[in-house]
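Throughout, a chain's letter reflects where its sequence line sits, starting with A, and its residues are numbered from 1.
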There are 2 protein chains.
Amino acid sequence: MSDTPGNREPGTAASGHRPTLAKVAELAGVSVSTASLAFSGAGPITPETRARVLDAAKELGYTGPNPLGRQLRSGRSGVVGVVVGDQLRRAFRDPVAVQVLDGLVSTLGENGLGVLLIPGIPSDDPARAVDPLVESAAMDVAVLVWGVGTDDATLAALQRRGVPVVVGEGREVEGAPLVAIRDRSGTAAVVRHLVDLGHTRVAEVSLPLDTTDRSGPIDAERLAQVDRTPTANRLAGVRDVVEPVASWETEASLVEHGRSATLALLGRPGADGATVAADPSTRPTAVIAHSDLLAAGALLAARELGLRVPDDVSVAGFDGLDLPWLAPDVLTTVHQPLARKGAELGRAVIRQLAGETPTTVELDVELVVGTTTGPAPTT
Amino acid sequence: MSDTPGNREPGTAASGHRPTLAKVAELAGVSVSTASLAFSGAGPITPETRARVLDAAKELGYTGPNPLGRQLRSGRSGVVGVVVGDQLRRAFRDPVAVQVLDGLVSTLGENGLGVLLIPGIPSDDPARAVDPLVESAAMDVAVLVWGVGTDDATLAALQRRGVPVVVGEGREVEGAPLVAIRDRSGTAAVVRHLVDLGHTRVAEVSLPLDTTDRSGPIDAERLAQVDRTPTANRLAGVRDVVEPVASWETEASLVEHGRSATLALLGRPGADGATVAADPSTRPTAVIAHSDLLAAGALLAARELGLRVPDDVSVAGFDGLDLPWLAPDVLTTVHQPLARKGAELGRAVIRQLAGETPTTVELDVELVVGTTTGPAPTT
DNA sequence: CCGTCGGATCGAATCGATTCGAGGAGGTGC
DNA sequence: GCACCTCCTCGAATCGATTCGATCCGACGG
């Protein structure tokens with residue numbers, strides 16, 4: 001009697017058909033609804049009946065309800081989309097992103113939620129403004145981990161779809177919880193530390209101002225175009241204390257970018273195309289980098305130029321990473337609670353799912369003085 | 001007339017109800033099936049009708065078919081579970097895993113598949129053998145990125161569920177494609193390079209032998225317990241050429257573990273609890289590390305002990321990472337195509353979904369000689 | 001001995017979309 | 001002018017599970 005019109009066995013992946021709850025119920029001699037009860041545990045059921053259902057399941061090799069069916073009925077996928085604000089390859093090379101992600105995954109995992117990775121910038125196809133997953137993947141909430149631009153295509157797409165959003169490190173978004181750190185005051189604190197040491201010629205190595213992959217000196221015009229909140233905060237934090245004598249934008253927060261920026265800031269073209277240290281009387285005496293990775297690159301660049309740290313130049317960063325390979329140097333930096341930030345993002349997701357009203361969480365940071373900063377050299 | 005028994009508005013997340021295809025069809029004055037055609041593009045439909053449906057959709061704020069419904073019908077979730085064989089926090093600190101993951105995500109992304117992160121080892125709860133996502137998350141295929149133990153609980157759970165599996169760097173699994181590199185011969189090649197340079201006392205810094213987080217010397221008994229294929233291959237590759245004078249197991253492939261292992265291998269307890277270099281007449285003259293990160297740690301340890309590289313001790317790794325911060329040293333290593341490995345894994349996933357028969361892909365590696373290996377010191 | 005009560009089980013609707021064959025309208029060929 | 005063919009649209013079944021109210025059973029109290 002069961003002639004199946006309008007259907008041609010979907011889901012015929014590799015192996016044969018998986019048993020369904022209906023088949024289990026049939027074998028156990030109960031109704032589907034009772035069988036469902038046996039698995040979900042919600043509702044009254046005789047231990048005996050339950051056992052009969054479970055036995056039938058085992059016999060058929062049924063390993064539990066198909067998540068797809070459950071999801072459709074409940075309207076929840078159990079998936080949280082995590083949009084990393086860059087190409088994945090780059091994001092993962094930055095320990096900052098990794099540690100935040102780790103805290104996030106742990107917290108979500110404890111609540112039965114899985115993390116779906118979504119590149120914030122489509123890998124190679126410039127035709128698309130956003131990754132296709134943003135448009136069509138099933139997710140209950142999306143987390144934008146690294147900032148939100150003023151005119152963010154990804155955010156817009158998610159809002160259009162009605163996917164609730166949680167923002168990490170960005171501007172306030174209507175209806176979305178925000179988890180941020182006090183990076184402006186933290187940056188100001190480390191710059192004040194430099195100024196207190198007598199530095200007046202401070203150079204700055206900046207995080208990317210937007211997603212355009214530019215690098216080079218930052219002038220007033222460019223400064224006005226900053227479209228990433230954490231970068232904006234750190235730029236502002238520096239200027240709360242001192243006007244840098246030079247400022248250099250990097251295309252990503254990685255060691256090599258900090259290195260080349262610093263070579264440009266502290267060096268000048270030398271003999272045979274090489275870069276040599278610039279004139280000590282005009283050269284910056286301190287480099288404030290917006291991140292520890294950039295600062296590490298700055299340190300390497302200084303070494304390359306034959307400059308002693310901190311005797312000839314002081315270097316400070318931001319993040320508080322553990323970078324043992326910089327030994328014997330220990331970076332002066334501002335420590336931020338990265339794993340905790342991830343955990344807070346996770347908690348914000350849970351609250352968002354529970355329908356609570358979004359709140360802003362702002363985490364404290366702390367200046368940690370290492371060996372890479374010292375008194376300004378006396379000219 | 002539509003009194004809704006047996007249902008209490010599921011999916012009432014934060015915001016109100018999203019419009020459904022049925023509502024759009026109603027407003028457009030067509031049937032649901034026609035409306036579906038307008039979106040999917042599969043099947044004949046008049047441009048005019050299509051436009052009417054799309055207009056209706058726009059008016060209602062309908063942004064396309066609900067993925068959950070589509071997934072249930074098609075039996076496909078569009079999600080690939082990626083099981084990283086460790087805690088996430090650790091896996092992501094290893095550039096090897098990150099680069100593979102990057103290649104994988106790109107390839108899958110091009111095919112409309114998303115990556116769901118699954119920790120291979122449950123974060124903190126020792127009660128569970130596998131992460132709950134393994135048991136119940138919706139996924140079309142699972143990729144086990146870093147090895148499969150002989151008695152792998154995660155693999156068993158996935159097979160029980162009937163989720164097709166793709167294995168990266170592990171033993172052959174019935175019915176599962178395998179993507180691997182020639183790490184045994186590659187390791188043998190780099191060790192032969194050392195032996196050709198005159199080294200006879202070679203020490204080995206090994207990758208983890210299993211997931212027990214042990215570290216310490218490897219004796220014959222422990223050697224027999226190795227339960228990770230890449231590790232087994234590299235141990236074997238070393239022994240294909242020379243029997244190491246000492247071998248040390250690490251708990252993870254990170255710089256600090258390579259450092260402490262090497263301190264143990266090349267040092268001895270010194271004056272006030274410090275570690276000093278061991279006697280040059282018995283001390284190993286070369287360290288072969290199973291990974292570049294471990295080798296980087298070895299390099300740092302050697303520097304700490306006051307040993308010159310490669311004059312006092314040669315150091316070689318495996319992976320071919322770009323580690324600019326080791327400058328001026330350039331590691332002697334074996335280059336493996338990491339992003340390509342990820343891409344091959346992605347292709348294997350696609351083929352698996354297409355129902356093709358699983359095949360094994362083995363990628364070539366290449367010895368790259370740097371500045372960290374040199375002739376054995378003459379005693 | 002009968003009515004009532006409580007607990008276990010069942011039926012049926014529902015989540016939202018896809019898909020196939022049937023059916024209808026319009027056009028063409030003879 | 002009629003039959004046939006094409007092309008578009010529609011109806012209905014289906015994916016697999018959840019859930020609510022109804023039903024049915026036995027037990028207990030009066």
Side-chain angles (χ1 to χ4, degrees), chain A residues 1-13 17-26 28-53 57 60 62-78 136 138, chain B residues 1-13 17-26 28-50 52-53 57 60 62-78 136 138 162:
Chain A
M1 289 285 113
S2 81
D3 201 19
T4 61
N7 180 30
R8 187 189 292 166
E9 45 176 343
T12 313
H17 318 270
R18 305 249 85 216
T20 72
L21 190 55
K23 290 217 181 84
V24 173
E26 188 183 18
V30 299
S31 74
V32 218
S33 33
T34 304
S36 175
L37 259 32
F39 283 97
S40 70
I45 188 172
T46 320
E48 186 191 322
T49 315
R50 187 184 152 83
R52 209 163 67 239
V53 174
L60 291 175
Y62 179 84
T63 49
N66 179 329
L68 260 27
R70 183 210 290 279
Q71 287 171 18
L72 173 59
R73 181 63 234 238
S74 66
R76 291 269 171 98
S77 63
S136 61
Chain B
M1 291 304 94
S2 77
D3 195 29
T4 60
N7 181 29
R8 187 189 293 167
E9 44 176 344
T12 313
H17 319 270
R18 304 249 89 215
T20 72
L21 189 55
K23 289 215 183 85
V24 173
E26 188 182 17
V30 299
S31 73
V32 215
S33 33
T34 305
S36 175
L37 258 31
F39 282 98
S40 69
I45 186 171
T46 321
E48 187 190 323
T49 314
R50 186 186 153 81
R52 210 163 64 241
V53 173
L60 291 175
Y62 179 84
T63 50
N66 179 329
L68 260 27
R70 182 211 288 279
Q71 287 170 18
L72 173 59
R73 180 62 233 241
S74 66
R76 291 268 172 98
S77 64
S136 60

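The separation between A:Gln71 atom CD and D:dC15 atom P is 18 Å, rounded to whole Å. Computed from coordinates, the A:Lys23 NZ to D:dG16 P distance equals 8 Å when rounded to whole Å. Rounding to whole angstrom units, CG of residue B:Leu72 and P of C:dA17 are separated by 12 Å. In this entry the distance linking CZ of B:Arg73 with P of D:dA17 reads 15 Å, nearest Å. For the pair A:Arg18 CZ and D:dC15 P, the interatomic distance rounds to 16 Å; values are reported in whole Å. Put simply, CZ on A:Arg76 is 14 Å from C1' on C:dC15, counting in whole angstrom units. Protein atom CZ of A:Phe39 is 15 Å distant from nucleotide atom P of D:dT19, rounded to whole Å. For the pair A:Asn66 CG and C:dC15 P, the computed distance is 19 Å after rounding to whole Å.
Contact between A:Ala57 and A:Phe39 at its shortest, heavy atoms only, is CB-CZ, 3.7 Å. Here the closest non-hydrogen pair linking B:Arg52 and B:Ala28 is NE-O, 3.1 Å. For the pair A:Ala138 and B:Gln71, the tightest heavy-atom approach, listed with the atom from each and the gap, is CB-NE2, 3.6 Å. B:Val30 and B:Val53 make their closest contact through CG2-CG2, 3.9 Å (heavy atoms, listed as atom of the first residue, atom of the second, distance). Closest heavy-atom contact between B:Pro65 and B:Arg70: CG-NH2, 3.6 Å. The shortest heavy-atom contact between B:Tyr62 and B:Pro19 is CD1-O, 3.3 Å.
The residue among B:Leu37 and B:Leu68 whose nearest nucleotide of DNA chain C lies closer to the 5′ end is B:Leu68.
Looking at B:Thr46, its side chain never comes within 3.5 Å of a backbone N or O of B:Glu48 through a donor-acceptor pair.
Evaluation of the side-chain hydrogen bond (donor to acceptor under 3.5 Å, both in side chains) rule for B:Ser33 yields B:Ser31 as partners, not counting sequence neighbours. Residues forming a side chain to side chain contact (heavy atoms under 4.5 Å, CB included) with B:Ser36 (at least two apart in sequence, or on another chain): B:Leu21. B:Ser136 pairs by the side chain to side chain contact (heavy atoms under 4.5 Å, CB included) definition with nothing, not counting sequence neighbours.
In this structure, the nucleotide among D:dT14, D:dG16, D:dA17 sitting nearest to the side chain of A:Arg70 is D:dA17.
Between A:Asn66 and A:Arg18, every side-chain heavy-atom pair lies at or beyond the 4.5 Å cut-off.
A heavy atom lying under 4.0 Å from DNA chain D marks the following residues of residues 28-36 of chain A, by number: A:Ser33, A:Ser36. Residues from residues 40-49 of chain B lying near DNA chain C, meaning a heavy-atom separation below 4.0 Å, are absent.
Between the two ends of the helix from C:dC1-D:dG30 to C:dC30-D:dG1, each summarised by a five-pair axis, the helix axis turns through 60° (rounded to 10 degrees).
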